[in-house]
Engineer: 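Let me give you the structure first, and then I'll get to my questions.
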There are 2 protein chains.
Amino acid sequence: MQSNADKYFVTVDAVVFTILDKQLKILLIKRKNDPFRGSYALPGGFVEEKENLEDAAKRELEEETGVKNIYLKKLVAFGNVGRDPRGRVITIPYLALIAADDIKLHATTDAELAKWHSVYDLPKLAFDHDKIIEEALRELRFELEHSNIAYQFMPEKFTLTELQKAYETILNKGLDKRNFRKKMKELGFLTSYRERKMEGAHRPAQLHGYKDKRYRRIG
Amino acid sequence: MQSNADKYFVTVDAVVFTILDKQLKILLIKRKNDPFRGSYALPGGFVEEKENLEDAAKRELEEETGVKNIYLKKLVAFGNVGRDPRGRVITIPYLALIAADDIKLHATTDAELAKWHSVYDLPKLAFDHDKIIEEALRELRFELEHSNIAYQFMPEKFTLTELQKAYETILNKGLDKRNFRKKMKELGFLTSYRERKMEGAHRPAQLHGYKDKRYRRIG
DNA sequence: CCAAAAGTGTTAGTGATACACCCATGT
DNA sequence: ACATGGGTGTATCACTAACACTTTTGG
């Protein structure tokens, strides 16, 4: 192979969203090595020699959050010259969604403990991770309205109001209750349980769940 | 940087579509070196050391077709183990559209002359280029209905019927004439010239053109 | 006057949006 | 009885899809 090996590094980054404290949050680690020591960055790391890209993303994610068996969506790569001062680094970002209760965050070797940050109040970020996040957020919103991925955010059983809150948090806008419920009903992703949620001084809410927890596109 | 350099190769591939002989065609080169000697493949090549990804795609494209200043859209990277027997190769494919009359195809060093192939009748392809093409075609169709990219396929002046034919060819389905024209009118991308096209024994057609030849998203 | 493609409007259906009241419960 | 969130239906609007006839030209 004429040409250009031993010049490139290939990494995967995970853009992990969750909903916590009624806010859309993203998982960031604080870098403890240069470059960008002390800055926040997306969790990620090098792709190993005999490892597929998605497997690498899954591995990194499991190392840092303990979560596995998750739906990941590949985003477009970032690889311009100068995005990493150490050399030529191409990164393939993956979008991941998790339910906040599922996880316990871990520290890793070149990162401090991973922490959740509100998407609307992010710290200074290392590399071009701000652009990657912007792209991922666009993608997340698109998917939310064109698939059943919201199941990734939700617990086993939830009320329709809780689901609507999740949508509103992600889209960052209010939705009409009746239209939302109508839409969910006709999409047919949900099943309703006999149980109800009794809590507070008001009418108890019907519990719902996703029929199958696999990615399904609308259309 | 602890870790994994000198194991990766990074390439860009161009998925170039055009309309020729009333068919949607894609540009392929016939490989004259191993691996996959004699198979067809997407034009592409290695990203140079100090070269941005999109610049690399533009350079490859210009080398093989002579076309420049073209809108390119980055697609998701392919980089699984084993996709190239020579080593670990990550490729970033770019979608490109050109008007068939604009180009003269060139031969390159490790490829024979580039040729157009009907999208619905492709030969055996090298690597995982069949999957890349599938993805690119999906993206092309999406963009066609959500932007003004069709301008890339069209000459300076054209009739609405010609434009409709282009849409039909790409989408591989028939469209209603009145609805199509109404849609084009209200999108407002087009301008109409005073001139008409006189050709054949029938009413002459009004000529149209794109107001500005820059990518514009609908919405 | 015939053939061939250009050009043009209306109707019906479907999905999105906007909107207001009654229900079941705990206190 | 009241406060709280749960639950429901209808009218309007915008967009899409279906559909047929007249016009202009060359031969």
Side-chain angles (χ1 to χ4, degrees), chain A residues 19 21-22 141-148 150 154-155 157-209 216-219, chain B residues 19 22 141-148 150 154-155 157-209 217-219:
Chain A
I19 294 177
D21 305 330
K22 301 173 193 289
R141 287 176 174 155
F142 182 88
E143 286 290 333
L144 192 69
E145 296 184 303
H146 296 90
S147 77
N148 65 347
M154 305 306 293
K157 295 177 183 183
F158 50 85
T159 70
L160 287 176
T161 302
E162 286 161 357
L163 183 61
Q164 184 177 340
K165 290 268 166 55
Y167 270 73
E168 290 176 336
T169 300
I170 295 165
L171 298 175
N172 200 26
K173 67 176 182 191
L175 299 174
D176 179 86
K177 185 163 48 154
R178 281 166 291 189
N179 294 336
F180 181 79
R181 292 158 108 96
K182 196 191 312 172
K183 189 70 178 296
M184 288 302 131
K185 185 172 291 180
E186 67 199 20
L187 282 177
F189 290 142
L190 301 179
T191 178
S192 55
Y193 295 104
R194 295 215 147 269
E195 314 158 56
R196 289 151 187 285
K197 180 167 191 171
M198 311 270 270
E199 175 176 282
H202 53 80
R203 179 171 174 175
Q206 182 79 241
L207 287 172
H208 296 256
R216 291 274 177 264
R217 193 71 186 265
I218 290 174
Chain B
I19 294 177
K22 302 174 192 287
R141 287 175 174 155
F142 182 88
E143 286 290 334
L144 192 69
E145 296 183 303
H146 295 89
S147 77
N148 65 347
M154 305 305 292
K157 296 177 182 180
F158 50 85
T159 70
L160 288 176
T161 302
E162 286 161 357
L163 184 61
Q164 183 178 340
K165 289 268 167 54
Y167 270 73
E168 290 176 335
T169 300
I170 295 164
L171 298 174
N172 200 26
K173 67 177 182 190
L175 299 173
D176 179 87
K177 184 162 52 153
R178 281 166 291 189
N179 293 336
F180 181 80
R181 292 159 108 96
K182 197 190 314 170
K183 191 72 179 297
M184 288 301 132
K185 186 172 290 179
E186 67 199 20
L187 283 176
F189 291 142
L190 301 179
T191 179
S192 56
Y193 294 104
R194 295 213 146 269
E195 314 159 55
R196 290 152 185 286
K197 180 166 190 171
M198 311 270 272
E199 176 175 280
H202 53 80
R203 179 171 174 173
Q206 182 79 242
L207 286 172
H208 295 255
R217 193 71 185 262
I218 290 174

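The chains referred to below are lettered A, B, ... by the order of the sequence lines, with proteins before strands, and numbering in each begins at 1.
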Engineer: Atom NZ of Lys165(A) and atom C1' of dG6(D): how far apart are they, to the nearest Å?
Structural biologist: 11 Å
Engineer: Rounded to whole Å, please give me the gap between CG in Leu163(A) and P in dG6(D).
Structural biologist: 13 Å
Engineer: Between Thr161(A) and dG6(D), is there a side-chain N or O to OP1/OP2 distance below 4.0 Å?
Structural biologist: yes
Engineer: Can I get a per-line list of side-chain donor-acceptor pairs under 3.5 Å for residues 170-178 of chain A, giving both atom names and the distance, sequence neighbours left out?
Structural biologist:
residue: Asp176(A); atom: OD2; partner: Arg178(A); partner atom: N; Å: 3.1
residue: Asp176(A); atom: OD2; partner: Asn179(A); partner atom: N; Å: 2.9
residue: Asp176(A); atom: OD2; partner: Asn179(A); partner atom: ND2; Å: 3.4

Engineer: Answer whether the closest heavy-atom distance between the side chains of Leu163(A) and Met184(A) falls below 4.5 Å.
Structural biologist: yes
Engineer: Protein within reach of the bases, or only the backbone? For nucleotides 18-27 of chain D, mark each nucleotide 5' to 3' as B, S or -, using heavy atoms under 4.0 Å.
Structural biologist: BBB--BBBB-
Engineer: Using whole Å, what does the distance between atom P of nucleotide dG6(D) and atom NZ of Lys185(A) come to?
Structural biologist: 15 Å
Engineer: Name all residues meeting the salt bridge (Lys or Arg N to Asp or Glu O under 4.0 Å) criterion together with Glu195(B); count only those two or more places apart in sequence or in a different chain, and write none if there are none.
Structural biologist: Lys157(B)
Engineer: How many Å lie between CZ on Phe180(B) and C1' on dC15(D), as a whole number?
Structural biologist: 17 Å
Engineer: Would you give the length of the straight line joining atom CD1 of Ile218(B) to atom NZ of Lys183(B), rounded to the nearest 0.5 angstrom?
Structural biologist: 6.0 Å
Engineer: Tell me, please, which residues at least two apart from Arg203(A) pass salt bridge (Lys or Arg N to Asp or Glu O under 4.0 Å).
Structural biologist: none
Engineer: Nearest 0.5 Å, what's the CG-CG distance between Leu207(A) and Leu160(A)?
Structural biologist: 9.5 Å
Engineer: Would you please name every residue forming a ring pair (Phe, Tyr, Trp, His ring centres under 6.0 Å) with Phe158(B), sequence neighbours left out?
Structural biologist: Tyr210(B)
Engineer: Does anyone know the first and last nucleotide of DNA chain C in reach of chain B, 5' to 3', at under 4.0 angstrom to a heavy atom?
Structural biologist: dA3(C) to dT10(C)
Engineer: Should we count CD of Glu186(A) as having more than 12 external heavy atoms under 6.0 Å?
Structural biologist: yes
Engineer: Without decimals, in angstroms, what is the distance between Arg181(B) CZ and dA17(D) P?
Structural biologist: 18 Å
